[in-house]
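Okay, structure first, notes after.
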Amino acid sequence: MHEAGLVFDSDLLAGFNGLSFMPKIWAMGSNSLKPVLRLYGDRIEYCGSFRLKKCDYTNIEKVDVLTIPFTKSVVLYFNHTPRTFSGNFRREQDRVACLRSFLAKECQLTEEALVLAGVLKH
């Protein structure tokens with residue numbers, strides 16, 4: 001059974017594509033015109049630089065966060081590719097809701113992401 005309904009639609013400032021072997025802050029492409037991170041019942045859609053991409057939750061290796069001044073990002077690492085996606089959120093509460101949505105889909109969150117989502121304590 002496919003659950004195609006929209007679960008979460010982000011309001012991003014920007015989207016970025018990076019590489020898993022580089023620091024999270026480094027990006028090889030960005031999109032501040034129309035960044036996308038949408039979670040559906042059976043897949044996600046994201047756009048970090050040029051075109052919209054889709055993948056199943058099972059293709060997500062882990063979900064991490066990057067928090068520095070002016071940056072509140074969720075970072076996605078994918079199986080079988082070194083490419084990453086980072087979405088920089090406008091509002092912290094939306095980023096937390098996004099992390100909780102990934103957790104509900106049984107995606108692996110890093111310790112830092114679990115703390116931000118309110119699942120773990122420091």
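The shown structure was predicted, so the numbers you read here are calculated from the model rather than taken from an experiment. Note: hydrogens, waters and symmetry copies are ignored here, and every other heavy atom, side chains too, is used.
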Within-4.5 Å side-chain heavy-atom neighbours: V65 and V75: no

Residues at least two apart in sequence or cross-chain that pass side-chain contact (heavy atoms from CB on, under 4.5 Å) with L19, listed by chain then number, are F21, M22, W26, M28, P82, R83

With sequence neighbours left out, the residues meeting side-chain contact (heavy atoms from CB on, under 4.5 Å) with A27 are F16

Contacts of I68 meeting side-chain contact (heavy atoms from CB on, under 4.5 Å) (sequence neighbours excluded), chain-then-number -> I25, L66, T71

message = With heavy-atom distances below 4.5 Å as the criterion, would you say the side chains of L76 and I44 are in contact?
response = yes

### Query
Can you find a heavy atom in the side chain of Y77 that is under 4.5 Å from one in the side chain of D64?
yes

- Task: Could you state whether F89 and V36 fall into the same hydrophobic cluster, counting links through intermediate Ile, Leu, Val, Met, Phe, Trp or Tyr residues with side-chain heavy atoms under 4.5 angstrom apart?
- Result: no

Check: V63 and T110 side chains under 4.5 Å, non-hydrogen atoms
no

So ring pair (Phe, Tyr, Trp, His ring centres under 6.0 Å) across residues 45-73, not counting sequence neighbours, yields Y46-F78, Y46-F85

In this structure, NZ of K62 is separated from SG of C107 (nearest 0.5 Å) by 13.5 Å

To the nearest 0.5 Å, atom CD of Q108 lies from atom CD of E61 at 7.5 Å

* Do N17 and S49 have side-chain N/O donor and acceptor atoms under 3.5 Å apart? -> yes

**Study point:** Student check: side-chain heavy atoms of F102 and L109 closer than 4.5 Å
**Key:** yes

Contacts of N59 meeting side-chain contact (heavy atoms from CB on, under 4.5 Å) (sequence neighbours excluded), chain-then-number -> C55, D56

Rounded to the nearest 0.5 angstrom, the NZ-CZ distance for K54 and R43 is 5.5 Å

- Report yes if the side chains of L6 and R38 come closer than 4.5 Å at any heavy-atom pair, otherwise no. yes

Contacts satisfying side-chain hydrogen bond (donor to acceptor under 3.5 Å, both in side chains) that involve residues 91-104 (not counting sequence neighbours) are T67-R95, R91-D94, E92-R95

* Test item: L12 and N88 side chains (from C-beta on) under 4.5 Å apart, heavy atoms -> no

Side chains of L120 and E111 in contact at under 4.5 Å (non-hydrogen atoms) | yes

Practice prompt. Tell me, yes or no, whether the heavy-atom count around E112 atom CD, taken from other residues, nucleotides or ligands under 6.0 Å, exceeds 12.
Written response: yes

- request: Report whether L13 and V96 are members of the same hydrophobic cluster (ILVMFWY, side-chain heavy atoms less than 4.5 Å apart, transitive linking).
  value: no

